[in-house]
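Here's the structure, in structure tokens; my notes come after.
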Protein chains: 2
Amino acid sequence: MKENKAYNSKKLDKNSVLPIYYQLAKIIEKKIVDGILKPGEKLSPEHELASRYNISRMTVRKALQELAKVNMIYTEKGKGTFVSKPRLENTVFELKDFHDEIKKMGMEPRTKLLGVEIIKADKNLAKKLNLEINTRLVYFRLLISAEGEPLLYENKYIVYSKKMPILESELKDPSLTNLATQHGNYFPTMSKRILNAAVANSKEAEILEIKKNSPVFVVEQYLYDNEKKPIGWGKSVCRGDRFKFTSYIGWTMDSILE
Amino acid sequence: MKENKAYNSKKLDKNSVLPIYYQLAKIIEKKIVDGILKPGEKLSPEHELASRYNISRMTVRKALQELAKVNMIYTEKGKGTFVSKPRLENTVFELKDFHDEIKKMGMEPRTKLLGVEIIKADKNLAKKLNLEINTRLVYFRLLISAEGEPLLYENKYIVYSKKMPILESELKDPSLTNLATQHGNYFPTMSKRILNAAVANSKEAEILEIKKNSPVFVVEQYLYDNEKKPIGWGKSVCRGDRFKFTSYIGWTMDSILE
DNA sequence: GAGTGGTCTAGACCACGCG
DNA sequence: GCGTGGTCTAGACCACTCA
């Protein structure tokens with residue numbers, strides 16, 4: 001095709017505070033966003049970019065790496081580097097610890113411990129945690145509120161392994177990971193979460209002070225140790241009228257180097 | 001502290017098919033997972049790792065980069081490299097195009113076009129798309145099903161800018177991005193999505209063949225061009241009994257080099 | 001076999017954090 | 001001032017792809 005007339009190359013300022021690889025990445029990004037380089041098209045080979053801009057190939061690679069990190073380009077070994085098709089549908093919704101989520105919303109979360117007890121696993125829990133029936137578990141019931149309004153009702157079960165008082169400080173971080181670390185001998189290394197849409201049942205509605213059958217998010221969390229053995233399970237019911245998940249995705253590189 | 005007795009260093013196999021940086025990353029990962037290196041602790045400086053393992057510093061950096069990519073370590077300029085605290089609550093839920101989601105579930109999606117028309121923006125749409133009232137929009141109504149069962153009801157609005165017939169092939173990818181690319185003169189570069197929990201209203205319930213007030217996910221999507229001007233908006237209602245979002249997070253590096 | 005990206009080296013200079 | 005990570009160079013060899 002040879003549509004690269006090359007001498008339209010913007011210059012790199014080697015004395016700039018901005019790293020050269022960043023400047024180059026920006027130049028290529030602009031060509032893509034402006035449509036000079038179209039999705040599917042092949043970029044010039046690395047060695048050619050290196051000689052064209054009078055920089056080392058490693059620096060070119062660093063620039064391309066940044067663009068690859070945000071999915072604007074991809075490489076195929078032995079073939080070349082290509083412009084990706086924009087896939088603005090591939091978004092991710094972040095869900096951090098709910099305490100953090102609430103802080104992010106600009107409020108101060110408060111945790112109320114509704115109950116803690118040692119229980120024996122029933123059939124259902126035994127199955128979820130892949131344990132024998134009657135294995136002892138620590139069972140937490142928590143209510144998280146902000147500004148006097150209940151937001152979140154949580155039930156968490158941790159495999160019991162050591163006696164530990166409930167510390168006031170724990171309520172500052174009632175995440176499953178933290179509870180398991182405090183109340184179990186296991187070191188959690190893996191976690192699985194499932195997000196469901198549901199409606200509040202009578203009990204949940206009462207606790208959350210919403211109407212029965214109001215929409216809620218239900219987040220289940222499984223926690224595993226480094227041998228993939230389950231060590232905890234939790235279920236959080238969040239008010240649908242107070243939580244939503246937002247995600248942004250951009251066909252730009254703005255995320256890097258903020 | 002000097003707890004690095006150093007000569008416990010596992011050896012690197014320079015003739016292995018596995019890259020050296022990957023072998024080193026795995027060695028360090030193991031030290032972290034085994035608790036030899038604890039969260040918050042400082043790693044040996046890069047130059048020290050380089051000389052200890054008889055490799056170049058650039059290779060050490062590549063190894064550390066891989067670990068940083070999965071948040072096991074982080075660097076602080078001028079200070080050093082440190083082991084992160086495990087944050088198993090910081091998960092992300094992926095939501096690709098619904099067509100892809102359905103395929104991922106092992107089913108073959110079918111899209112039915114319930115209607116297309118050119119409409120004029122009312123007050124509500126004008127506000128959402130930041131346009132004048134009465135601006136012309138293309139309005140799509142879609143129903144996506146799999147195995148004879150309706151799963152998803154979508155309403156999408158694209159800023160009208162060129163006449164285009166509705167192509168059969170479009171229904172293979174009825175994503176907002178694709179529709180906007182086909183039916184607008186704008187090149188979408190940014191997208192925002194909002195995920196809500198809700199209950200189906202009468203109309204949605206009828207179309208999705210579920211009971212009124214059943215739980216549903218509602219995904220709103222805004223699409224912008226490279227000047228951040230809105231060019232499309234959509235609302236997808238998904239059956240809560242058929243969709244859930246799952247996410248895994250692991251304190252390991254297994255994702256790299258698949 | 002020619003062209004490509006993936007890995008690696010052995011140096012170098014810099015800006016930053018801290019005492 | 002010293003130690004640290006961040007950037008950069010000018011080479012090298014390899015494995016892969018495709019004609």
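Treat the numbers as computed from the prediction; the structure is a model and nothing was measured. Below, read A as the first sequence line, B as the second, and so on, with proteins coming before strands; counting in each chain starts at 1. Atoms considered below: every heavy atom in the structure, side chains included; atoms not considered: hydrogens, waters and symmetry mates.
A heavy-atom distance below 4.0 Å to DNA chain D is reached by these residues of residues 78-85 of chain A, ordered by number: A:Gly78, A:Lys79.
Checked against ring pair (Phe, Tyr, Trp, His ring centres under 6.0 Å), A:Phe98 has the following partners two or more places apart in sequence or in another chain: A:Phe243. For A:Tyr248, there are no ring pair (Phe, Tyr, Trp, His ring centres under 6.0 Å) partners, not counting sequence neighbours. By the ring pair (Phe, Tyr, Trp, His ring centres under 6.0 Å) test, B:Phe217 pairs with B:Phe245, sequence neighbours left out. A:Asp13 is linked by a side-chain hydrogen bond (donor to acceptor under 3.5 Å, both in side chains) to nothing, counting only residues two or more places apart in sequence or in another chain.
Atom CD in A:Glu48 sits roughly 18 Å away from atom P in C:dA2 (whole-Å rounding). Separating the OH atom of A:Tyr74 from the C1' atom of C:dT4 is a distance of 14 Å, rounded to the nearest angstrom. Between the CD atom of A:Glu66 and the P atom of D:dT7 there is a distance of 8 Å, given to the nearest Å. As a whole-Å value, the separation of B:Ile73 CD1 from D:dG5 C1' is 12 Å. For the pair B:Gln65 CD and C:dT7 P, the computed distance is 10 Å after rounding to whole Å. Between B:Leu49 atom CG and D:dG3 atom P the separation is 17 Å, expressed in whole Å. Nucleotide C:dG5 holds its P atom 13 Å from the NZ atom of A:Lys77, rounded to whole Å.
Looking only at distances, a side-chain donor or acceptor of A:Ser84 sits under 3.5 Å from a matching main-chain atom of A:Asn71. Of the possible polar contacts, none joining the B:Lys30 side chain to the B:Ile27 backbone as a donor-acceptor pair under 3.5 Å is found.
Cation-pi contact between A:Lys192 and A:Tyr222: present, with separation from the ring centre below 6.0 Å and deviation from the ring axis of at most 45°.
Each of A:Glu220, A:Lys156, A:Arg193, A:Glu154 was evaluated against A:Ser236; a single residue qualifies, A:Glu154, per the side chain to side chain donor-acceptor pair (under 3.5 Å) test. When each of A:Glu46, A:Glu48, A:His47 is paired with A:Arg57, the side chain to side chain donor-acceptor pair (under 3.5 Å) condition holds for A:Glu46 and for no other.
At the phosphate of C:dG5, neither OP1 nor OP2 sits under 4.0 Å from any side-chain N or O atom of A:Arg61. Listed pair B:His47 / D:dG5 fails the phosphate criterion, with no side-chain N or O lying under 4.0 Å from OP1 or OP2.
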Quiz item: What does nucleotides 8-14 of chain D look like as a protein-contact string, B for base, S for sugar-phosphate only, - for none, at under 4.0 angstrom between heavy atoms?
Solution: BBB-B--
